[in-house]
Amino acid sequence: MECIVNGKRAHAATGGIEPKAGAPVLVLIHGAGMDGTVWQLQSRYLAARGVRVFAVDLPGHGGSEGPALASVEDMADWVIAFMDAAGIKQAAVAGHSMGALIAVELAARHPEKVKAVGLLGVAAEMPVHPDLIAAADAGGPLAPELVTDWGFGRISHIGGHPQPGLWVMGAAEQLLESAKPGVLAGDLRACDVYKKAAEQSTGVACPVRIVAGDEDKMTPLKNAKPLMGQFKDAALDVLGRTGHMMMLERPREVAKSLRDLAAL
């Protein structure tokens, strides 16, 4: 679906099925350099099971007009503006990586709009190595290759996709390479400078579900645990033999977790 947000075209994937009136609403927020298609397996699963899904493309990503936003705070404001434009009064909100930081920020600042929060691949802080930012600034394949290599667990490096004949690492690398110039670098900078997740998490009163991969090198489980005690109502789900890109590595498990979140 498309709508106008702050005078620009905004796009979100809805899973291709029109839900019944009164269906629970779930807004999905992608990570750095990606777009809403990273949730395609989950959005279709959820839409087929009666959830009204909006897998948004942030500005400058996917089908949403730019320019891309430079800070997590601005991205959080944009998601709220999208919800208003789409007529969403309240929803469960789930984000992955950078999207998880966005979800924390908007839930703390707009509690009336968020009934539950899902945080996938989250950490209290997400520092990014200057060499990776430099590679993203330079363009070309190096930054997508590095992010992909670090983003997946061991099994995904040798195959392991639930659907025979598909390789999730290749799909993720292609998605990152298709980002508009400067978008990945800008997103990485936004993650690097955002240090408010722990502070903002104390203001999140709704239920929070953290989903972590036990082989996540980008946001290791030990870096997510400091957030657990900050939330008023938090649960942790650890996926075995899974890296940072859990939506692609463990699509069924993540989809079921999101369905439970939407039902809260």
In the structure I gave you, are the side-chain heavy atoms of [X] and [Y] within less than 4.5 Å of one another anywhere?
{"X": "Val254", "Y": "Leu239", "answer": "yes"}
{"X": "Val208", "Y": "Leu119", "answer": "yes"}
{"X": "Val168", "Y": "Met245", "answer": "no"}
{"X": "Leu41", "Y": "Arg252", "answer": "no"}
{"X": "Leu58", "Y": "Ile102", "answer": "yes"}
{"X": "Ser64", "Y": "Lys8", "answer": "no"}
{"X": "Cys206", "Y": "Lys115", "answer": "no"}
{"X": "Val211", "Y": "Val122", "answer": "no"}

For the backbone of [Y] and the side chain of [X], can you confirm whether one donor and one acceptor N or O come within less than 3.5 Å of each other?
{"X": "Lys217", "Y": "Gly151", "answer": "no"}
{"X": "Lys232", "Y": "Gly229", "answer": "no"}
{"X": "Lys180", "Y": "Gly62", "answer": "yes"}
{"X": "Asp57", "Y": "Asp35", "answer": "no"}
{"X": "Thr148", "Y": "Glu145", "answer": "no"}

Hphob cluster co-occupancy, [X] + [Y], side-chain heavy atoms under 4.5 angstrom:
{"X": "Val38", "Y": "Val27", "result": "no"}
{"X": "Leu248", "Y": "Leu258", "result": "yes"}
{"X": "Ile210", "Y": "Leu28", "result": "no"}
{"X": "Leu175", "Y": "Trp150", "result": "yes"}
{"X": "Val238", "Y": "Ile155", "result": "no"}

Problem - Steps toward side chain to side chain contact (heavy atoms under 4.5 Å, CB included) verdict (Trp78, Asp74) - result: CA-CA 6 Å; Trp78 183 90; Asp74 286 347; over 6 Å; no

Nearest atoms (heavy-atom pairs only) where [X] meets [Y]:
{"X": "Gln230", "Y": "Ser201", "value": "CB-OG, 2.8 Å"}
{"X": "Arg250", "Y": "Arg241", "value": "NH2-O, 3.1 Å"}
{"X": "Ala70", "Y": "Ala190", "value": "O-CB, 3.5 Å"}
{"X": "Val93", "Y": "Ala103", "value": "CG1-CB, 4.1 Å"}
{"X": "Val104", "Y": "Ala197", "value": "CG1-O, 3.8 Å"}
{"X": "Met75", "Y": "Leu69", "value": "CE-O, 3.3 Å"}

Problem - Presence of salt bridge, Asp137 and Arg189, under 4.0 angstrom - result: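 A salt bridge is present here (some side-chain N lies under 4.0 Å from a carboxylate O).
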
Practice task
May I ask you to decide if the ring planes of Trp39 and His96 are parallel, tilted or perpendicular, using 30° and 60° as cut-offs?
Solution key: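 Taking His96 first and then Trp39, their aromatic rings stand perpendicular (interplane angle over 60°).
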
Practice task
Apply side chain to side chain contact (heavy atoms under 4.5 Å, CB included) to Arg109 and Gln200, showing your working.
Solution key: CA-CA 8 Å; Arg109 289 162 53 187; Gln200 292 293 69; 3.8 Å; yes

Measuring from [X]:[atom1] to [Y]:[atom2], what's the distance to the nearest 0.5 Å?
{"X": "His30", "Y": "Asp187", "atom1": "NE2", "atom2": "CG", "value": "7.5 Å"}
{"X": "Leu221", "Y": "Asp214", "atom1": "CG", "atom2": "CG", "value": "8.0 Å"}
{"X": "Leu120", "Y": "Leu261", "atom1": "CG", "atom2": "CG", "value": "9.0 Å"}
{"X": "Asn6", "Y": "Phe82", "atom1": "CG", "atom2": "CZ", "value": "12.0 Å"}
{"X": "Glu125", "Y": "Asn223", "atom1": "CD", "atom2": "CG", "value": "9.0 Å"}
{"X": "Asp131", "Y": "Leu146", "atom1": "CG", "atom2": "CG", "value": "9.0 Å"}

Handout entry: Donor-acceptor pair between Asp149 and His157 side chains, under 3.5 angstrom
Key =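 Side chains of Asp149 and His157: pair found under 3.5 Å.
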
Practice task
Decide whether Asp216 and Thr219 meet the rule of one side-chain donor and one side-chain acceptor closer than 3.5 Å.
Solution key: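 Result is yes, a qualifying pair exists.
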
Practice task
Apply the test side chain to side chain contact (heavy atoms under 4.5 Å, CB included) to residues Tyr45 and Arg259: give CA-CA distance (whole Å), side-chain angles for both, the deciding distance (0.1 Å), then the verdict.
Solution key: CA-CA 9 Å; Tyr45 173 96; Arg259 185 183 183 187; 4.0 Å; yes

Handout entry: More than 12 heavy atoms from other groups under 6.0 Å of NZ on Lys225
Key =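 Count not over threshold, so no.
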
Practice task
For atom CZ of Arg44, decide whether the heavy atoms of other residues, nucleotides or ligands shown that lie under 6.0 angstrom number more than 12.
Solution key: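 Counting other residues, nucleotides and ligands, CZ of Arg44 stays at 12 neighbours or fewer.
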
Practice task
Dump the intermediate steps for salt bridge (Lys or Arg N to Asp or Glu O under 4.0 Å) on Asp260 and Arg209, then the final yes or no.
Solution key: CA-CA 10 Å; Asp260 291 343; Arg209 300 297 178 262; over 6 Å; no

Exercise for the section: Please lay out, stage by stage, how Lys196 and Glu105 fare under the test salt bridge (Lys or Arg N to Asp or Glu O under 4.0 Å). Expected result: CA-CA 8 Å; Lys196 294 166 52 182; Glu105 182 71 21; 3.4 Å; yes

Practice task
Begin from the C-alpha positions of Glu249 and Ser156 and carry the test side chain to side chain donor-acceptor pair (under 3.5 Å) through to its verdict.
Solution key: CA-CA 7 Å; Glu249 296 177 89; Ser156 294; 3.3 Å; yes

Exercise for the section: Would you sort out whether Arg154 and Glu215 count as a side chain to side chain contact (heavy atoms under 4.5 Å, CB included), showing the intermediate values? Expected result: CA-CA 8 Å; Arg154 185 184 64 86; Glu215 296 181 2; 3.7 Å; yes

